[in-house]
Amino acid sequence: MHCYDCHQEGKETTALAVCRDCGAGVCSRHLRPDPEPVRRSTSSGQVWSGQESRRMICEMCHRTYLNERGA
């Protein structure tokens with residue numbers, strides 16, 4: 001699989017991940033790893049864990065996410 005954003009630029013770059021939000025293949029240049037709390041059910045009713053996992057998103061989805069947060 002190739003990076004979708006590189007393809008739009010006329011380049012052919014191997015994708016390292018798939019964007020969680022839009023599903024596009026993403027290379028290291030366009031990848032924005034973002035920490036995300038681990039979501040897990042427990043018997044005590046706690047849903048969010050204190051640990052963080054990784055969320056792989058493309059540059060465009062990352063910008064959209066930041067704009068929605070007002071950052």
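What's counted below: heavy atoms across the whole structure, side chains too, no hydrogens, waters or symmetry copies. Here the structure is a predicted model, which is why all the values come from computation and not from measurement.
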Distance in Å, [X] [atom1] paired with [Y] [atom2], rounded so as to fall on 0.5 Å steps:
X   : Y   : atom1 : atom2 : answer
E9  : H30 : CD    : NE2   : 4.0 Å
C58 : M56 : SG    : CE    : 13.0 Å
T64 : E59 : OG1   : CD    : 10.5 Å
R63 : N67 : CZ    : CG    : 8.5 Å

I'd like to check V18 versus M1 (side-chain heavy atoms, cut-off strictly below 4.5 Å). Are they in contact?
yes

Taking all non-hydrogen atoms of both residues, which atom of [X] and which atom of [Y] are closest, and how far apart?
X   : Y   : result
C27 : T14 : CB-O, 3.7 Å
C19 : C22 : SG-N, 3.5 Å
C6  : R29 : SG-NH2, 3.7 Å
D21 : C61 : CB-SG, 3.8 Å

Ring-face cation of R55 near Y65 (centre distance under 6.0 Å, axis angle within 45°):
yes

